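Below you'll find the structure, written out as structure tokens, and then a few comments.
All figures in this text were calculated on a predicted structure; none of them were measured in a lab. Letters A, B, ... are given to chains in the order of the sequence lines, protein chains preceding strands, and every chain is numbered from 1.
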2 protein chains.
Amino acid sequence: MIESTTAAKSIQKERDLISTMSVDCVIIGFEQDELKVLLYERGMEDEPGFSHWALPGGFVKMNEDLDAAAVRVLNQVTGFHDVYMEQVRTFGKADRYPGARVITTAYYALINPRSQKLKLGKDARDARWVSIKALPRLVFDHADILQAAMKKLKRKVRQEPIGFELLPSKFTLTSLQRLYESILDTELDTRNFRKKLLKMGLLIKLSEQQQGVPHRAAFLHKFDRGVYLQLKEGGFVFDL
Amino acid sequence: MIESTTAAKSIQKERDLISTMSVDCVIIGFEQDELKVLLYERGMEDEPGFSHWALPGGFVKMNEDLDAAAVRVLNQVTGFHDVYMEQVRTFGKADRYPGARVITTAYYALINPRSQKLKLGKDARDARWVSIKALPRLVFDHADILQAAMKKLKRKVRQEPIGFELLPSKFTLTSLQRLYESILDTELDTRNFRKKLLKMGLLIKLSEQQQGVPHRAAFLHKFDRGVYLQLKEGGFVFDL
DNA sequence: GCAAAAGTGTTCTTCGTACACCCATGC
DNA sequence: GCATGGGTGTACGAAGAACACTTTTGC
């Protein structure tokens, strides 16, 4: 095998190579026909950005996989678990974090805000689902990170149906359309949207309907996970 | 401003948060109708992976932007400068690098191998342009990194014309087609390929022709950078 | 009965795709 | 004259885009 241990240790002793890695999570939810992001107010008085709004984040531990760190941080700050996450990219400007060299890898997470209860971690004074259309000022480069995540999501949504993660298990076609409209930031033609989706065979129409709405009740639908996985293997495209 | 310095320093003292960041470069070139990657044989006896083939990489310095580190590393290992580079993603498995915790961010670089001379850095025993179809075994997780870069390139090539970077300034339509075929790993119909490209108006047909070929000489073309930049702003799509 | 959203087909245009032959050159 | 790649057009089918009215329900 490779003779490495001493060399590697000497590398870590060189002060100018040492840095701290963190992960930041762009947690995206869909509620009341709006895309939202979970932000929190930093609550550690001795850390940079105290009392400012930020994306949930935390440091990567020495023996922890990067992806695992993202999952852990999400859980520690929000209490959420079993969430779909994907790496966005890494932000590494030398001066991005005040007072120390911290390189951060951004992840986005997709979740239905009503499916799990928010349990604030100790580092947070407050946390809120904030509409993507009305963001407060964020600390450090978190506005850039958020923007990059949204851009990635826009691309992603054209390649596979991500509604699975953001909607309740039973939903109306209209709310699915609103979701796509929010992500793509356009209006879609209802007839064309339905035509395309139904042709794909991904949706199962239930006999159940909406209750108590002051207009004609819509039928509920659910996703067919079997068909989805099958399509995914074949590497399909999903243009809207 | 934010009261941060002491806090940040205390963060970096915690041993379990300290790690080393590196960058690795997937340097892609196109030569003799083939896509190639620049690999080097590791030449530092006291570093892991000595005498094995690897992607050019190096550590990020304390006061260096991550993107700048990628540019520097590329230059140090190969002597290349002014090269198109883009971040792929970050690889952070805890055990990916033997003997130390090293998280690495991968970049891909596109270059015409004939446009700049390869000048080996001191860490390399040897370096070669290797066909993407005949790769040797690579150290650490470099095979995964390379694969991720190629996948990203495949997606990229459908969204903007990257031939700019990989071809000489004057080229034939056939070599452009071969480039796309190499990246996408398919065969394309010549007539349809030309139809689509010419309709875009990105190419300028020169009066100059190939010299000394044992068949009908092809006209040379060049890219119209003005039209390219214009199209790019409008966020165009480029399907083949 | 009215406000509010659900649901449904057709036409036109655009674009992708398949396909075969003559042309110029070097040897 | 032959081998090699250069260069060109058309016809068909699929898919995207535009577009308006009837239905159901709660109040």
Side-chain angles (χ1 to χ4, degrees), chain A residues 32-34 157-159 161 163 167-168 170-182 184-222 231 234-240, chain B residues 30 32-34 157-159 161 163 167-168 170-182 184 186-222 231 234-240:
Chain A
Q32 291 154 319
D33 284 0
E34 268 195 319
V157 84
R158 291 183 171 281
Q159 298 186 330
L167 292 174
K170 298 171 184 179
F171 52 88
T172 65
L173 292 181
T174 301
S175 63
L176 183 59
Q177 185 179 340
R178 297 282 172 267
L179 170 60
Y180 276 95
E181 289 176 335
S182 302
L184 299 174
D185 199 19
T186 48
E187 299 206 344
L188 299 170
D189 181 280
T190 305
R191 278 177 289 194
N192 293 338
F193 179 80
R194 288 174 181 228
K195 205 190 309 171
K196 225 175 282 182
L197 270 162
L198 293 173
K199 193 168 50 181
M200 248 168 239
L202 261 173
L203 297 176
I204 299 171
K205 181 174 178 176
L206 304 172
S207 54
E208 204 173 334
Q209 283 175 285
Q210 273 182 316
Q211 298 290 331
V213 284
H215 55 76
R216 179 171 171 182
F219 279 95
L220 297 175
H221 291 72
K222 64 174 186 175
L231 287 175
F236 73 113
V237 181
F238 188 69
D239 251 332
L240 287 170
Chain B
F30 186 66
Q32 293 154 319
D33 285 1
E34 268 195 319
V157 85
R158 291 185 172 278
Q159 297 188 329
L167 291 175
K170 299 171 184 180
F171 53 87
T172 65
L173 292 180
T174 302
S175 62
L176 183 59
Q177 185 180 340
R178 297 283 172 267
L179 171 60
Y180 276 95
E181 289 175 337
S182 302
L184 298 174
T186 47
E187 299 206 345
L188 299 170
D189 181 280
T190 304
R191 277 177 289 196
N192 294 337
F193 180 79
R194 290 175 179 227
K195 204 191 313 174
K196 225 174 281 184
L197 270 164
L198 294 173
K199 194 168 51 181
M200 247 167 238
L202 262 173
L203 297 176
I204 299 171
K205 182 175 179 176
L206 305 173
S207 53
E208 205 173 336
Q209 283 175 286
Q210 273 182 315
Q211 297 291 331
V213 285
H215 53 77
R216 177 172 173 181
F219 280 95
L220 297 175
H221 292 71
K222 63 174 187 176
L231 286 176
F236 73 114
V237 182
F238 188 69
D239 251 332
L240 287 171

To the nearest Å, how far apart are [X] [atom1] and [N] [atom2]?
X: A/Phe193; N: D/dA18; atom1: CZ; atom2: P; value: 16 Å
X: B/Met200; N: C/dT14; atom1: CE; atom2: P; value: 17 Å
X: B/Leu198; N: D/dG9; atom1: CG; atom2: C1'; value: 14 Å
X: A/Gln211; N: C/dA6; atom1: CD; atom2: P; value: 15 Å
X: B/Arg158; N: C/dG16; atom1: CZ; atom2: C1'; value: 12 Å
X: A/Leu220; N: C/dA5; atom1: CG; atom2: C1'; value: 14 Å
X: A/Leu176; N: C/dA5; atom1: CG; atom2: C1'; value: 16 Å
X: A/Leu188; N: D/dC19; atom1: CG; atom2: C1'; value: 16 Å

For this session: Just jot down the salt bridge (charged side-chain N to carboxylate O under 4.0 Å, His left out) partners of B/Lys170, sequence neighbours excluded, or say none.
Result: B/Glu208

Exercise. In B/S/- notation, 5' to 3', how is nucleotides 17-27 of chain C contacted by protein heavy atoms closer than 4.0 Å?
Worked result: BBBB--BBBS-

From [X] [atom1] over to [Y] [atom2], what is the distance, rounded to the nearest 0.5 angstrom?
X: B/Arg158; Y: B/Leu184; atom1: CZ; atom2: CG; result: 5.0 Å
X: B/Gln32; Y: B/Ser175; atom1: CD; atom2: OG; result: 13.0 Å
X: B/Leu176; Y: B/Glu181; atom1: CG; atom2: CD; result: 10.0 Å
X: B/His221; Y: B/Thr172; atom1: NE2; atom2: OG1; result: 9.0 Å

Problem set entry | A/Leu167 vs A/Leu179 side-chain heavy atoms within contact, under 4.5 Å |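 Sidechains of A/Leu179 and A/Leu167: in contact.
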
For this session: With sequence neighbours excluded, tell me which residues meet side-chain hydrogen bond (donor to acceptor under 3.5 Å, both in side chains) with B/Lys195.
Result: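 So B/Lys195 forms a side-chain hydrogen bond (donor to acceptor under 3.5 Å, both in side chains) with B/Asn192.
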
For this session: Give B/Thr174 one of three labels, base, sugar-phosphate or nothing, depending on what nucleic acid heavy atoms sit under 4.0 Å from its own.
Result: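 Sugar-phosphate only.
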
Seminar exercise, completed: 5'-most contact on DNA chain C (nearest-nucleotide basis), A/Arg194 vs B/Lys199, goes to A/Arg194

Seminar exercise, completed: So salt bridge (charged side-chain N to carboxylate O under 4.0 Å, His left out) across residues 184-193 of chain A, not counting sequence neighbours, yields A/Lys133-A/Asp185

What donor-acceptor contacts under 3.5 angstrom involve side-chain atoms of residues 209-216 of chain A, with partners at least two apart or in another chain?
unit_1, atom_1, unit_2, atom_2, d
A/Gln209, NE2, A/Ala217, O, 3.4
A/Gln210, OE1, A/Ala218, N, 3.0

Exercise. To the nearest 10 degrees, what angle separates the axes at the start and end of the helix from C/dG1-D/dC27 to C/dC27-D/dG1, five pairs each?
Worked result: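 Rounded value for the end-axis angle: 0°.
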
